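Worksheet: the structure to be examined is printed underneath.
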Amino acid sequence: MSTLKAVRGTRDLLPPETALWNRVEATARAVFARYGFGEIRTPVFEDTQLFVRGVGEETDVVSKEMYTWEDRARAASEKAQSLTLRPENTAGVVRSYIEHKMGDTGMLQKLFYIGPQFRRERPQRGRYRQFWQIGAEVLGPQSSGAESALRDAEVLEMLATLLDELAIPRASEANDGKGWRLALNSVGSSTDRPRYIAALKAALEPVKATMCVDCQRRAETNPLRVLDCKVPEDQPIIDGLPKIAEYLDEASTAHFAEVKAALDACGVPYVIEPRLVRGLDYYTRTTFEFTVALGLGTQNALLGGGRYDGLSEMLGGPKAPGIGFAIGEDRLILTLQALAEAGSVTIAESKLDAYIAPMGAGQNAAALALAKDLRASGLSVEVGDGSFRLKKSFELADKLARRILILGEDEVATGVMTVKTFATGDQVKVERAELGEFLKN
RNA sequence: GCGGCUAUAGUUCAGUGGCAGAACGCCGCUCUGUGGCAGCGGAUGUCGUGGGUUCGAAACCCACUAGCCGCCCCA
């Protein structure tokens, strides 16, 4: 019988790496809390229609990357329902917002989530079929100010703060651009965008034959993607294409200007990227992407997001403008690991406070009882086995803990423990009553 | 989904048709209450899976699976 393995594109996260995941999540939670966000947990699978209507039927995510299946009908009267593992979480959050009538509170909703998402793509470093996103959404009725450029800037400033606190450097000349970089654009309102796409298509018509084969295809299927082309020969042509900025209406132009002004006021660096187009249909106005050229290869988008003023209505809900983002947690971890490898951040390996080495199996019970007391006082403690030779206990202890606590017949009888600190090599006798205090230093 | 590279010990890898290897790690001993350093010894294993070629395959061929790189797209 062949052994079973994690299915393609999925993986096990094991200690000690999970400690890093926990640290990242704890940092994110702490930052989100300071900005007034509360946690939301939505189901991992939803009605397929949520993504078809929300994300967009023609997007790659929906048209070819979803895990979709027919739920079984258990009774003749019941209809089989098409269900899908969530490929992203914004649609689910907005569905929940509508379902629980959060807009009726009149309050601005600030929600964050941390959880797995699923897309059936070809796996690669930084791209998995089950991957994790840390995301947040700000949305509400118009009277709550959800549409304000202030919210865009606040979200972006929060992200800059989070990355700073995770010790991911900002890109600069000093670090050869090996830090994070915020690319910003506005794709206009839901009426601006179709007008722009039509103009783009028209402008491409006479010149596309001279472009690369990929662009010839994109000109037909998805003209916006032509802007992303990296082929050097195509750049002059692309530079001559209409710019989205020329197609923004007055309100969108003003909104974008306000976002930029607020970012300037907060000291958040950004680069306007007129070519930044995002693949999900719900984006309007502000779109952004944080990239980092470190540890990710071509999957260098660390997080992405944007405004989605029409999404709630697309899902049959009330008008509820909003803005949100999703961080690729897997990619964030890869970035931190690459930084650690380069020595610019340290991923602290956590050592236990003490390792108790009973001398002989006869001391095992006393060792466990001592461990219980020390653990109750908040210390992290491992208990060795009395049948191990002392040399082996020392070797194990040195790997696992900062100190070794030797528990032989003498120590049990006198109540005076022998404690050795590995870093200094100091060995002292400590009264059992003072042991907890001693080990805390 | 397309193209390419790769798969050998716990890990990183060497091994171009003739006994399955190195380093690190692991276990034991030198050393029966003292780790890190050193010396000596030991075990590493479905050579990714299945088939084929061959007297003989880890190696050559085919298929499959998985990872990685690029494309598409995205987090």
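Letters A, B, ... are given to chains in the order of the sequence lines, protein chains preceding strands, and every chain is numbered from 1. Keep in mind that this is a model prediction, so the values were computed, not measured.
- Remark: side-chain polar atoms of A/Lys420 are not paired, donor with acceptor, to backbone N or O of A/Arg403 under 3.5 angstrom.
- Here, B/rG17 and B/rU12 have their P atoms 27 Å apart, quoted to the whole Å.
- Comparing the same atom, C1', in B/rG3 and in B/rG48 gives a spacing of 22 Å after rounding to whole Å.
- B/rC72 is unpaired under the criterion used here, namely a Watson-Crick or G-U wobble arrangement in which both key atom distances are under 3.5 Å.
- A/Phe290 meets the ring pair (Phe, Tyr, Trp, His ring centres under 6.0 Å) test with A/Trp180; sequence neighbours excluded.
- Residues satisfying the ring pair (Phe, Tyr, Trp, His ring centres under 6.0 Å) test with A/Phe256, not counting sequence neighbours, are none.
- Atom CZ of A/Phe45 sits in a sparse spot, with 12 or fewer heavy atoms from other residues, nucleotides or ligands closer than 6.0 Å.
- For the ring pair (Phe, Tyr, Trp, His ring centres under 6.0 Å) test, residues two or more places apart in sequence or in another chain that qualify with A/Tyr196 are A/Tyr247.
- Across the P atoms, B/rG21 and B/rA9 are found 14 Å apart, a figure rounded to whole Å.
- Side-chain atoms of A/Thr284 never come within 3.5 Å of backbone atoms of A/Ser190 as a donor-acceptor pair (strictly under, hydrogens ignored).
- Using the Watson-Crick or G-U wobble rule with both distances under 3.5 Å, B/rC64 pairs with B/rG48.
- Summarising the base pairing, B/rU11 is matched to B/rA23 through a Watson-Crick or G-U wobble pair whose two defining distances lie under 3.5 Å.
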| note | The contact string for nucleotides 69-75 of chain B, one letter per nucleotide 5' to 3', using protein heavy atoms under 4.0 Å with B, S and - for base, sugar-phosphate only and none, comes out as BBBBBBB

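- Between A/Arg120 and A/Asp410, the residue anchored closer to the 5' end of RNA chain B is A/Arg120, taking for each the nucleotide with the nearest heavy atom.
- Checking side-chain atoms of A/Glu46 against main-chain N and O of A/Thr84 turns up no donor-acceptor pair under 3.5 Å.
- We find that A/Asp385 and A/Lys392 are not joined by a salt bridge, their nearest charged nitrogen and carboxylate oxygen being 4.0 Å or further apart.
- When the P atom is used for both B/rG52 and B/rG42, the distance is 38 Å, rounded to whole Å.
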| Summary of protein contacts for nucleotides 23-31 of chain B, nucleotide by nucleotide, where a base hit scores B, a sugar-phosphate-only hit scores S (4.0 Å, heavy atoms) | ---S--S--

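- Annotation: B/rA22 and B/rC29 have their C1' atoms spaced 23 Å apart (nearest Å).
- Nucleic acid contact for A/Glu411: base, since at least one base atom lies under 4.0 Å from a heavy atom of the residue.
- The listed nucleotides are B/rG33, B/rU65, B/rG36; the one nearest the side chain of A/Lys5 is B/rU65.
- Across the P atoms, B/rC27 and B/rG67 are found 32 Å apart, a figure rounded to whole Å.
- B/rA23 and B/rG41: their P atoms are spaced 12 Å apart (whole Å).
- For B/rC24 and B/rC19, the C1' atoms lie 26 Å apart once the distance is rounded to whole Å.
- A/Phe422 comes within contact range of at least one nucleobase, with a heavy-atom separation under 4.0 Å.
- Residue-level contact check: A/Arg403 touches neither bases nor backbone, having no heavy atom under 4.0 Å from any strand.
- Using a 4.0 Å cut-off between a side-chain N of Lys or Arg and a carboxylate O of Asp or Glu, A/Glu382 and A/Lys351 do not qualify as a salt bridge.
- Within the structure, the side chain to side chain donor-acceptor pair (under 3.5 Å) test picks out the following pairs touching residues 432-441 of chain A (sequence neighbours left out): A/Asp373-A/Arg432.
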